[in-house]
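Sequence lines set the chain letters: A, B, ... in the order given, protein chains first and strands last, and positions in each chain run from 1. No experiment lies behind these values; they were computed from the predicted model shown.
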2 protein chains.
Amino acid sequence: MRQKTAGIQDVARLSGVSTATVSRALSHPERVAESTREAVLRAVQETGYVANSLARNLRRRRTGSILALVPNLANPFFSQILSGLSSVLSPAGYGLLIADTLADPDPRARLAHYFDSGLVDGLVVFDATLPDPALMQRAHPPLLMACEWRGELPSVTVDNAEGAAIAIRHLLESGHRRIAHVTGPRGNVLTESRLQGAAGALAEAGLALHDDWTFTGDFGIASGAQAAARWLALADRPTAVFCASDEMACGFMGALQQAGIAVPGEVSVIGFDDIEVAGHLTPALTTIRQPRRDIGERAAHLLVDMIDQRSLMGPSERIAVELIRRQSVKSPG
Amino acid sequence: MRQKTAGIQDVARLSGVSTATVSRALSHPERVAESTREAVLRAVQETGYVANSLARNLRRRRTGSILALVPNLANPFFSQILSGLSSVLSPAGYGLLIADTLADPDPRARLAHYFDSGLVDGLVVFDATLPDPALMQRAHPPLLMACEWRGELPSVTVDNAEGAAIAIRHLLESGHRRIAHVTGPRGNVLTESRLQGAAGALAEAGLALHDDWTFTGDFGIASGAQAAARWLALADRPTAVFCASDEMACGFMGALQQAGIAVPGEVSVIGFDDIEVAGHLTPALTTIRQPRRDIGERAAHLLVDMIDQRSLMGPSERIAVELIRRQSVKSPG
DNA sequence: CTGTTAGCGCATTCAT
DNA sequence: ATGAATGCGCTAACAG
């Protein structure tokens, strides 16, 4: 069934030239006489020859693939980012390898592995906890951070603190003064940035983030529902809640509605991310949009540029977030 | 900055053995004396040697990676499947390459490319339109279909027709007789299977699928909202709707609620997939669960087995779906 | 158990 | 413009 696939030798023999010429005809068509080029291409057609990428890459010392290290593949948040990555990598001649650091017993070891396995031409890392200083001393292919990151490495980031501040200001402008916050997991960079942005905006208005109005979540839907339970248990309930992710906002609103609380009637809710369902919930969720596809596309471009320039350094980019006003926020009272 | 990474030669020199022994000490530790093995491992530590996978794979005639061809990476439906794939592939020593066939100008050419580029050890294909007979004649690595598929190739599938039938029966048992269906895109295998399953179950009850109660969608949220508009325009409205995807169900319910229609008060809705938000919508969505992570895991196992056995054929598996009763379905009237 | 010898399939010198 | 020769870095035969 599996006939031996044609090699460069077969093409050379069939077209009556040397393997070197075949190689050139394919890789540098201009360095070869038109007639021979045609003969070679014809032979390629006939044999169905396709260069073995392994051998080619070994020789060229490049692999043609780029690795994305994501903290949790199952999180749909990444699907659009990956799609963006893929859409620019693919035309640029790179394959996209994906590894899930959450599923990995030792993600740092995996990163180290890819550093010198010669398996990838570059990496996009979505997990800020990964690159420790010792690791980064080692020789490695170009690496781009694609998450909140303040270190030396080039990065594509979203302005999380500003996004959170925009969310809080929107609540403030709508007349809210009693504002709660559902955070991501403690210690996470995103969590801390958004927390800080929110606190800052609150402070500008002379308000503070109460401890008992700050619920710790994990960005997932279920943790939003749990936060709702805690909100319900409060004697003195905030009139608005800023959730650090749309998923949590979704879980929060869902649980509240189950409990007979009206949104935004009795409490306003604002999210973060603008995931696809956000606009189709009832009420439609007001949120801070993160252009995920753009993030992927920009990351891919920057990384490919670094590879082309054989440089470990390169520009960083900050991607703007945007307030999307829908129906889940209204004036209190 | 980028010091030359140590090669097998360096290790051999440092440990005072030949490169062949180093290779063995690492790949087949049992075939080497304990003392030499230790010496080699020590030298590996010292030099920080990591085998170049390209060279190794070229020699071993395997690549260590598996390609997943998905029709639309941006669709979060795939994220859990990919996560499942990754979680078994990774421990099995395979990397996961991903290509988006939607983003590709000529997906079939891409498939062909991977067939003989020698770049992958196996493929998981999520798009039934891809493998055309001519293509499959060619030499290629093991390939597993992971979507509705009735051809010769080994596959992992979900029983779509049965799932649809279960959905319809549930509606029937709840007392509904006037049942609408929001389909996927026409021509799509999933669409047709679910349509057929739904029609079959209806027929068992002596009912038929009315043309004007069959709304064509595309599995996306927006198309569900559009279907809602058409439902609203009906003089004679069905009391229940089976949506061929949860996303459409979500868009459908959202649009209805915006229009002031109560769900399930005035119309019951049942979805398909059991995506994560389904249980957190208001009302929580009754649906047919497709165990997406399992699909990924099973696909990975089957494919790895085929690779191990150097066989293009292998068993197929059918994964059961399950009715998840929540709140979006109740008796009519 | 270990070293020697040969490639894996291709791209690139260096000649011509 | 083309061909011959030479590895890329590693592993698998084959001897010993």
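- Residue pairs meeting the salt bridge (Lys or Arg N to Asp or Glu O under 4.0 Å) criterion with at least one partner in residues 45-68 of chain A, sequence neighbours excluded, are A:Arg62-A:Asp121.
- One interatomic measurement links the two molecules: CZ of B:Arg13 to P of C:dG3, which rounds to 15 Å at whole-angstrom precision.
- Between the side chains of B:Arg42 and B:Ser15, no donor N or O sits under 3.5 Å from an acceptor N or O.
- Side-chain N/O atoms of B:Thr36 include one lying less than 4.0 angstrom from OP1 or OP2 on C:dT2.
- Under the 3.5 Å distance criterion, with hydrogens and angles disregarded, no donor-acceptor pair is assigned to the side chains of A:Arg138 and B:Thr5.
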- Item | side-chain contact (heavy atoms from CB on, under 4.5 Å) between A:Ser79 and A:Leu82, worked out | CA-CA 5 Å; A:Ser79 51; A:Leu82 293 178; 5.7 Å; no
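- Within the structure, every pair that satisfies the salt bridge (Lys or Arg N to Asp or Glu O under 4.0 Å) test and touches residues 140-153 of chain B, not counting sequence neighbours, is listed here: B:Glu148-B:Arg150.
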Contact string for nucleotides 8-16 of chain C, one letter per nucleotide 5' to 3', B = base within protein heavy-atom range under 4.0 Å, S = sugar-phosphate only, - = neither, reads BBBBBB---
